[in-house]
Asks: 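Just passing along the structure, written as structure tokens.
We number each residue from 1, following the sequence as shown.
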Amino acid sequence: MALNSKFMQLYGYDLLLGSIAAFYVFMAPYTKVEESFNVQAMHDILYHRHQIEKYDHLEFPGVVPRTFIGALFVSILASPFVLAASLLHLPKIYSLYAVRLVLGCIILSTLRLFRIQIRKNFGSQVEVFFVILTALQFHMLFYCTRPLPNILAFGLVNLAYDYWFKGSFYAALNYLIFATIVFRCDILLLVSPLGLELLLSRSISLRKAILSCLVTALFCIGLTILVDSVLWRKLLWPELEVFWFNSVLNRSSEWGTHSFLWYFTSALPRSLLAAYPLFLLGVLLDRRIRFYVIPVLSFVLLYSKLPHKELRFIISSLPIFNLSAAIAASRIYNNRKKSFWKYLHVAMLGLFLISLGCTVLTFMASYENYPSGHALKALHKMGHLTNNSKEVWVHIDTFSAMNGISRFCENNEPWRYSKEEGILLQEFQGRNFTYLLSEHALIHGYKCLFSTKGFSGARLHVGFPPMSLVKRPKVYVHGNEANEEVIYRTWPGC
């Protein structure tokens, strides 16, 4: 009992956050287009190894190249689990669980290091509220297992926060430089205000900071060029091309734009929930936190100048904002018996309940947000042929490839898959695909066998719960009319 108590005292918070993140993995294992490069890279590293000519990125390189370093690191750690799954002849989807869980362990381990510094600097009660607020939020724990460049950078930013709170300022800057050069060039918007604050507060010297960061930068540039030039088969520094595309050419706006205040009026309220008003209160209540909030808040402000905005771009700011919120929550809890503070305490508990409700609703929407992954899983269950056909060819259109399908979702022979692009709808009739996964309900020469619904919005109504999800068909599975076994079998229909 004493051993169990000691274990829970040391790792209880990690088990809580890890269990929530693992729940999200198993309930929503599929990935979207933003994650496609790293998830396909992990698949290819694990299954094709040195056979680079078979790697997915050579056929589908994407708009800008990305580094393989994160995918390589995660794949190495996940390889024993993937080998065990292969020996047990488990479907490749179990390998997707493995790489996502390993990534989640890496990110939450870095968050643990930062959380320990919270306890040392602000006390165990602030740490408790930090964990509560993080658990009640959806986005950080949902995204921490998703192989996005932002998340790979997020792990390094957490390490930088850890060293920042320790007072090891040069190490903190070096981790941010690593994240900037290898994974996300936009972390430069965090390095700049942090470095300026450290200089103005005389925490670092300009000469030593430049020398330290320059050595780290040269090492990181050499590392990414060495690894990625081999795997991309050309001389390449991926994040330099990303920087040129997004910042110099400003082409990221082709994927949509938002107003300057969007992060403060939409992204942060949705991601922080109860922590959003508490974070503002924390800045007022404790002067110590301002030293940490100002550079991170400046990061979000600088990022707001770029027209294309997504929540994942600023996910690295959430731990600091949660810390400020935890400080406010702790102060409210300690003063809950005083006349004015008791109303704040009641309001805070109400915000916690609202946060929980919003997180449940957001999870339900996210579960329904990978329709093609669910469609392919259903097809694998129903679509086996009993005749002598050696191959079952499945064509996956661009929409389906972007909304839940990766190489990890594919089965072994006789299943074969095509992601060939540019095929006109009228041309499918002359192609010999067995099945089609398409966003289109009608395709000549093919019969619609069933459809999969996806999240389309939310609707308010009277009753409990006061909001419900709106779903509509997103992916249609078609069978070739020339294949009698497909056509005359019983299907759910569209």
Side-chain angles (χ1 to χ4, degrees), residues 8-9 11-24 27-28 108 111-112 114-115 118-119 122-144 263-286 289 292-293 296-297 311 314-315 317-367 458 460 463-469:
M8 291 304 295
Q9 186 178 355
Y11 302 106
Y13 297 145
D14 304 299
L15 286 174
L16 172 63
L17 299 180
S19 298
I20 296 170
F23 172 78
Y24 291 147
M27 294 303 295
L108 292 180
L111 189 67
R112 168 187 166 79
F114 174 56
R115 179 172 54 75
I118 291 175
R119 181 171 70 239
F122 295 94
S124 58
Q125 188 168 285
V126 172
E127 179 193 19
V128 170
F129 278 108
F130 177 85
V131 172
I132 291 171
L133 290 167
T134 303
L136 288 175
Q137 295 163 0
F138 174 76
H139 292 92
M140 191 190 301
L141 295 181
F142 184 76
Y143 275 106
C144 75
Y263 284 128
F264 298 95
T265 58
S266 179
L268 287 175
R270 284 186 290 117
S271 55
L272 292 174
L273 299 173
Y276 194 46
L278 290 173
F279 138 66
L280 299 172
L281 184 59
V283 173
L284 297 174
L285 292 176
D286 195 325
I289 194 61
Y292 302 105
V293 166
V296 177
L297 193 59
L311 189 155
I314 61 162
I315 198 165
S317 67
L318 300 188
I320 295 294
F321 294 151
N322 276 341
L323 169 57
S324 180
I327 290 170
S330 178
R331 185 74 63 88
I332 292 170
Y333 180 79
N334 288 336
N335 293 280
R336 66 190 182 280
K337 294 182 179 179
K338 297 179 181 178
S339 57
F340 172 73
W341 291 87
K342 66 181 179 183
Y343 298 110
L344 285 179
H345 184 248
V346 172
M348 183 177 74
L349 294 177
L351 285 173
F352 285 178
L353 288 175
I354 292 170
S355 292
L356 179 60
C358 290
T359 294
V360 170
L361 186 67
T362 308
F363 162 70
M364 291 169 60
S366 297
Y367 175 80
L460 292 170
F464 184 84
M467 186 177 290
S468 60
L469 303 181

Asks: Would you mind listing every salt bridge (Lys or Arg N to Asp or Glu O under 4.0 Å) that reaches into residues 346-356, with sequence neighbours excluded?
Replies: none
Asks: Under a 4.5 Å cut-off applied to non-hydrogen side-chain atoms, are L111 and M140 in contact?
Replies: yes
Asks: If you look at every heavy atom in R270 and L311, which pair is closest and at what distance?
Replies: NH1-CD1, 3.9 Å
Asks: Within this structure, what is the CD1-CD1 distance for the pair I289 and I320, rounded to the nearest 0.5 Å?
Replies: 6.0 Å
Asks: Please confirm whether the backbone N or O of V296 pairs with a side-chain atom of S317, one donor and one acceptor, at under 3.5 Å?
Replies: no
Asks: Is there a side-chain contact between F129 and M348, using heavy atoms and a 4.5 Å cut-off?
Replies: yes
Asks: Does L268 offer a backbone N or O that forms a donor-acceptor pair with the side chain of S271 under 3.5 Å?
Replies: yes
Asks: Find the distance between CZ (F130) and CG (L17) and round it off to the nearest 0.5 Å.
Replies: 8.0 Å
Asks: In terms of relative ring orientation, are H345 and Y333 parallel, tilted or perpendicular, with 30° and 60° separating the classes?
Replies: tilted
Asks: Could you check whether F23 and F363 have their ring centres less than 6.0 Å apart?
Replies: yes
Asks: Taking C-beta and beyond as the side chain, do W341 and R331 meet within less than 4.5 Å on heavy atoms?
Replies: yes
Asks: F142: what forms a ring-ring contact (aromatic ring centres under 6.0 Å, His included) with it, not counting sequence neighbours?
Replies: Y24, F138
Asks: Counting N and O atoms only, with roles assigned by atom type, does the side chain of S330 sit under 3.5 Å from a partner on the main chain of A326, one being a donor and the other an acceptor?
Replies: no
Asks: If I take atom NE2 from residue H139 and atom CG from residue L318, how far apart are they, to the nearest 0.5 angstrom?
Replies: 9.5 Å
Asks: Is any side-chain heavy atom of D14 closer than 4.5 Å to one of L108?
Replies: no
Asks: How close do L141 and T134 get, heavy atom to heavy atom, and via which atoms?
Replies: CD1-O, 3.8 Å
Asks: Could you pull out the closest heavy-atom pair between I332 and L344, with the gap in Å?
Replies: CG2-C, 3.8 Å
Asks: Any side-chain heavy atom of L361 within less than 4.5 Å of one from L469?
Replies: yes
Asks: Is any side-chain heavy atom of R112 less than 4.5 Å from a side-chain heavy atom of Y11?
Replies: yes
Asks: Quick one: side chain to side chain donor-acceptor pair (under 3.5 Å) partners of N334, sequence neighbours excluded?
Replies: Q125
Asks: Would you indicate whether F352, at its atom CZ, is surrounded by more than 12 heavy atoms from other residues, nucleotides or ligands within a distance under 6.0 Å?
Replies: yes
Asks: Which residues satisfy the side chain to side chain donor-acceptor pair (under 3.5 Å) test with K338, sequence neighbours excluded?
Replies: N335
Asks: Got a second to check how far Y143's OH is from I315's CD1, nearest 0.5 Å?
Replies: 7.0 Å
Asks: Donor-acceptor pairs under 3.5 Å, side chain of residues 272-285 to any protein atom, not counting sequence neighbours: which ones?
Replies:
from: Y276; atom 1: OH; to: F264; atom 2: O; distance (Å): 2.6

Asks: Going by the rule side chain to side chain donor-acceptor pair (under 3.5 Å), which residues pair with R336 if we only count those two or more places apart in sequence or in a different chain?
Replies: none
Asks: Nearest 0.5 angstrom please: I132 CD1 to Y13 OH, how far?
Replies: 8.0 Å
